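Provided herewith is a single structure, encoded as structure tokens, for subsequent inquiry.
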Amino acid sequence: MKLTFNKEKDLYRLISKEIERANSTRCPQVVSEIKVIEQIEPLDFYRAAGKIADGERFYWEQQVDQFALVGAGIAASTRTEGRSGYLAVRDMQSQLLRSATVCGSEGVTGTGPLIFGGFAFDSDKQSSKDWSLFGSGYFFLPEWLLTVYGQHCYLTRSVVCRPGDHAEAFIKKMKIQEHKLFSNLTEIKTESFIEKHNLLKYQTDQNKLEWNKLLNEAIHAIMSSELNKIVLARSRVLVYQDTLASESVLHALHEKQRGTCVFCLENGRSAFLGATPERLIKKSGSHIESACLAGSAARGDTNEEDRRLGEWLLHDSKNRIEHEYVVTTIRKALAEVCRQLSIPEQPLLMKNKYIQHLYTPVTGVCDERASIVQLVERLHPTPALGGLPRQNAISWIRGHEMLDRGFYGSPLGWCDGEGNGDFHVAIRSALIHKETAVLFAGCGVVRDSDPNQEFEETALKFSPMLRALSGR
Ligand SMILES: C=C(O[C@@H]1C=C(C(=O)O)C=C[C@H]1O)C(=O)O
């Protein structure tokens with residue numbers, strides 16, 4: 001239901017009506033109000049929101065598109081175990097979000113009621129202690145949502161009316177929070193951002209001999225079975241002098257990783273954050289966008305060296321094969337649900353600050369009514385993060401890899417009531433908790449892989465998070 005008024009009195013009436021409806025249907029009803037507001041820096045909003053909703057925020061910024069979403073406070077959430085994740089999120093989208101009553105300046109994608117969150121890489125794997133709060137899927141509908149599109153800013157506030165609720169209580173809470181949020185914002189805007197240079201106490205890396213052994217086992221498995229590719233990851237644990245603050249890490253990522261999607265999902269005292277260059281799928285109406293990203297080389301110190309490394313990557317057969325597995329798989333998965341699909345024959349180079357990749361962009365046209373969550377489920381994991389054939393590779397990873405990936409390498413993003421949204425693959429990421437950060441990096445293993453080179457490649461992939469954590 002769409003309405004076009006937003007006075008407090010009207011909002012009160014609307015919430016009362018939706019509570020009545022919830023009382024009679026016994027189903028929760030979402031009410032969202034969207035306002036056009038003056039321009040706010042997404043990171044300022046994130047910091048200000050920490051004072052009303054610490055541990056209940058998310059951050060999502062694509063600087064290239066001048067687009068950002070920042071959410072705070074939990075109006076409704078879902079946390080799943082095992083394979084129920086996708087279904088639970090689809091239910092939330094089709095039941096809770098689709099039937100929401102929206103008032104104010106509606107009509108802009110990324111405003112109004114939407115949920116943000118992520119899925120575990122492997123829902124069949126038991127979560128370790130580090131990831132236990134996140135489960136196999138964790139999403140929430142924020143009470144406060146800032147949407148930034150270029151020069152335009154919108155604020156959505158959402159409430160979930162449940163049987164027995166009282167409209168006065170909602171309005172009172174909203175007013176108090178709004179007052180706090182905006183007075184914090186004024187304070188924060190006047191303080192300059194204090195860059196925090198976190199001091200490292202110690203670091204623990206996975207043993208290189210064990211890594212080489214694992215890689216050799218994977219290569220052997222590929223040579224002696226129907227497996228073509230297995231993606232393996234390693235982690236690095238860093239312990240700092242003081243508690244890590246997600247805002248200062250996000251600030252460093254925002255400054256240094258401009259071409260990527262900078263994200264953060266808080267969950268109590270933990271935050272999963274990073275700067276990923278890899279989109280899994282974006283859906284807007286019937287239009288979809290995806291990306292094949294696999295095959296990596298370092299950036300050169302000089303333009304000449306950088307160009308040479310790029311040329312080498314474009315022509316290296318091992319990297320081209322790794323990349324081609326991803327293109328073939330994404331093409332097949334999307335062709336089944338798209339009436340039009342456009343994928344160039346040859347890959348391009350994507351150049352990020354420390355690393356360059358083989359990159360093939362994908363666009364297509366699918367059924368407008370399809371939910372992005374179905375598309376995510378269909379695609380994840382692509383051979384860029386899992387392997388080929390998919391199920392065999394996942395089982396191999398589950399049985400051999402010496403870490404819990406949690407949400408690393410998994411789809412993370414947002415979805416609205418119409419099933420539109422955007423999910424990226426959560427790489428170049430870390431899980432922070434108090435003074436500890438766990439960084440993740442992986443690489444595709446094929447029959448010609450060299451364990452030492454793959455070790456170097458994963459070391460390079462730690463760089464964006466390593467720098468951001470130390471405030472650089
Ligand atoms: C697994 C990661 O990256 C993935 C693997 C790549 C590769 O093997 O060349 C390249 C880009 C990503 O799809 C990572 O960054 O941790």
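Remember, it's a predicted structure, so these values are computed and weren't measured experimentally. We count ligands from 1, going down the list as the structure has it; atoms in each ligand are counted the same way.
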Gln340, CD: over 12 other non-hydrogen atoms inside 6.0 angstrom: no

* Asked: Applying a heavy-atom distance cut-off of 4.0 Å, which protein residues contact ligand 1?
  ->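 The 4.0 Å shell around ligand 1 contains Glu278, Leu293, Ala294, Gly295, Ser296, Glu322, His357, Ala384, Leu385, Tyr408, Ile427, Arg428, Ala441, Gly442, Cys443, Gly444, Glu457, Lys461.
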
message = I'd like to check the side-chain hydrogen bond (donor to acceptor under 3.5 Å, both in side chains) partners of Ser284; sequence neighbours left out, ordered by chain and number.
response =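 Partners of Ser284 under the side-chain hydrogen bond (donor to acceptor under 3.5 Å, both in side chains) test: none.
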
ring-ring contact (aromatic ring centres under 6.0 Å, His included) pairs touching residues 252-275, sequence neighbours excluded, are Trp131-Phe272, Phe263-Phe272

Side chain to side chain contact (heavy atoms under 4.5 Å, CB included) with Phe440: of Leu403, Thr458, Ile427, only one passes, and it is Leu403

Tell me whether Gln151 at atom CD has more than 12 heavy atoms from other residues, nucleotides or ligands lying less than 6.0 Å away.
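12 or below, so no.
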
Point to revise | Partners meeting side-chain hydrogen bond (donor to acceptor under 3.5 Å, both in side chains) with Glu226 (sequence neighbours left out) | key: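 For Glu226, the residues satisfying side-chain hydrogen bond (donor to acceptor under 3.5 Å, both in side chains) (neighbours in sequence not counted) are Asn392.
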
